[in-house]
Amino acid sequence: MDCFQRLEALVDSAGVDDIEEATALLRRFKGRSREVAAAIDEFMLDFMTLVFVVESGEEGFEKPVRKLARTRLSKLERMVTVMAEEKPASGAGLSLQDGG
């Protein structure tokens, strides 16, 4: 199962034990850029809020918070995908020293 598919499944289940798994799944993307790190933090904040809402039984808040967590996850997935596509091939660029 893809990392982001598993994270979606965690958003569906949203239990206390899922926070640790989500953190572990996202660890591989830390350090790619400040933007990705910020997106991870935003998703985790919303995910932890969702877990709190689910665990506290606040059903009226569950649907909008779940939707927000899904939106943040989708944003993060797009950022990671775009960064992977933009990764330059090694040695493809010219340095200023080459042209003298």
Side-chain angles (χ1 to χ4, degrees):
M1 180 181 275
D2 174 70
C3 172
F4 288 101
Q5 289 174 333
R6 180 65 189 138
L7 286 165
E8 275 191 51
L10 293 176
V11 169
D12 289 338
S13 61
V16 173
D17 296 333
D18 297 333
I19 293 172
E20 189 175 323
E21 184 176 352
T23 301
L25 287 167
L26 292 170
R27 193 169 291 128
R28 72 181 74 179
F29 302 117
K30 286 272 189 184
R32 290 199 177 190
S33 73
R34 285 188 212 160
E35 292 82 10
V36 170
I40 289 170
D41 291 343
E42 290 170 356
F43 167 74
M44 285 305 299
L45 179 60
D46 292 335
F47 183 64
M48 288 187 277
T49 302
L50 173 62
V51 169
F52 173 78
V53 167
V54 168
E55 293 290 322
S56 66
E58 296 293 332
E59 293 178 18
F61 293 103
E62 188 176 328
K63 187 175 180 179
V65 176
R66 193 177 304 272
K67 182 177 179 181
L68 180 59
R70 286 186 192 287
T71 301
R72 299 276 194 192
L73 181 59
S74 177
K75 174 185 171 185
L76 175 60
E77 183 176 15
R78 283 192 308 271
M79 289 177 77
V80 168
T81 301
V82 166
M83 288 189 72
E85 290 171 355
E86 290 179 348
K87 189 179 262 187
S90 61
L94 295 175
S95 103
L96 292 176
Q97 295 174 346
D98 293 339

*asked:* Let me confirm one number: the CE-CG distance from Met44 to Leu73, rounded to the nearest 0.5 Å.
replied: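 Nearest 0.5 Å value for the CE-CG distance: 11.0 Å.
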Indicate, with yes or no, if [Y] and [X] share a hydrophobic cluster defined by side-chain heavy-atom contacts under 4.5 Å among Ile, Leu, Val, Met, Phe, Trp and Tyr.
X: Met83; Y: Leu76; value: yes
X: Leu10; Y: Phe29; value: yes
X: Val16; Y: Val53; value: yes
X: Leu45; Y: Val36; value: no

*If only atom types and distance count, is the side chain of Arg66 paired as donor or acceptor with the main-chain N or O of Leu50 below 3.5 Å?*
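No: the side chain of Arg66 does not pair with the backbone of Leu50.
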_Side-chain (Arg72) to main-chain (Ala39) donor-acceptor, under 3.5 angstrom_ = no
*Quick check: are there more than 12 heavy atoms from other residues, nucleotides or ligands sitting under 6.0 Å from CG of Asp17?*
no
Do [X] and [Y] have side chains that get closer than 4.5 Å, going by heavy atoms?
X: Val65; Y: Asp46; answer: no
X: Val80; Y: Phe4; answer: yes
X: Phe47; Y: Leu7; answer: no
X: Glu42; Y: Lys75; answer: yes
X: Thr49; Y: Phe61; answer: no

*How close do Ala14 and Val11 get, heavy atom to heavy atom, and via which atoms?*
CB-O, 3.6 Å
*Given the rule in the side chain to side chain contact (heavy atoms under 4.5 Å, CB included) test, do Leu26 and Phe43 qualify, once you have shown the distances and angles that lead to the verdict?*
CA-CA 10 Å; Leu26 292 170; Phe43 167 74; 3.7 Å; yes
*Does Lys30 come within less than 4.0 Å of Asp41, counting only side-chain N to carboxylate O?*
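Looking at Asp41 together with Lys30, the answer is yes, because their closest N to O distance falls below 4.0 Å.
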*Short side-chain donor-acceptor distance under 3.5 Å, Ser74 and Arg70*: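 Ser74 and Arg70 do not have a side-chain donor-acceptor pair below 3.5 Å.
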